[in-house]
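Below is one structure, written out as structure tokens, with a few remarks after it.
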Amino acid sequence: MADRAPWSEDRARSILSEFQDIRGALLPMLHGLQEEFGCIDDPAIPLLADALNLSQAEVHGVVSFYEDFRKTRPGRHVLKVCRAEACQSMGAEALLAHAKSHLSVDRGETTADGAFTLETVFCLGNCALSPAVLIDEDLFGRVSPDRLDALLADYREGVPA
Ligand code: FES
């Protein structure tokens with residue numbers, strides 16, 4: 001996974017300006033900021049509020065509402081376990097429980113060594129190969145607990161499958 005840029009107000013303003021003129025700009029702006037910085041930094045809130053003529057509370061509300069937006073920087077890799085229907089029927093909850101236990105984190109948390117952040121997602125478009133996970137930008141299907149352990153070991157060592 002690419003290194004996350006440290007917070008930069010100039011860079012943030014530049015990202016916001018890319019979306020300034022489109023309708024419903026808040027979500028694209030938030031996605032743009034998270035893509036650049038890995039999370040929505042606190043100083044982004046007043047910038048967003050100013051740019052869109054919203055209150056800071058309104059911006060906070062949107063950031064909190066959507067699970068996609070992180071408040072803190074993720075680990076070097078982000079593991080997303082699908083929890084939508086097809087994956088649920090193929091053992092996604094057990095896989096998520098295994099991931100939590102294997103990594104010693106809860107959903108939304110990062111491992112102590114900073115290697116992995118564990119998140120959940122609703123459908124990765126890989127339903128025919130449930131249960132599915134995404135590690136960084138890489139999609140995997142029919143992931144058993146043992147296969148997940150092997151994948152995580154590969155990513156931890158920097159040699160993604
Ligand atoms: S339900 Fe998991 S990929 Fe679609």
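When a ligand or atom number is given, it counts from 1 through the structure's own listing order. Just so it is clear, the values below take in all heavy atoms, side chains as well, and ignore hydrogens, waters and symmetry mates.
- Between I40 and I45, some side-chain heavy-atom pair lies under the 4.5 Å cut-off.
- By the 4.5 Å heavy-atom criterion applied to side chains, F69 and L27 are counted as neighbours.
- Here the protein heavy atom with the shortest distance to atom 4 (Fe) of ligand 1 is C127 SG, 2.4 Å.
- Heavy atoms of C123 found under 4.0 angstrom from ligand 1 belong to the backbone as well as the side chain.
- Near G125, meaning under 4.0 Å from one of its heavy atoms, ligand 1 places the atoms 3 (S).
- Listed by number with element, the atoms of ligand 1 under 4.0 Å from a non-hydrogen atom of A86 are 1 (S).
- Atom CZ in R70 sits 13.0 Å away from atom CG in L30 (nearest 0.5 Å).
- For the atom pair H31 NE2 and L26 CG, the distance stands at 9.5 Å (nearest 0.5 Å).
- Inclusion of C87 in the first shell of atom 4 (Fe) of ligand 1 is not supported: no N, O or S atom falls under 2.8 Å.
- Between E67 and T120 the shortest side-chain heavy-atom distance falls below 4.5 Å.
- Those atoms of ligand 1 with a heavy atom of C82 less than 4.0 angstrom away are 1 (S), 2 (Fe), 3 (S).
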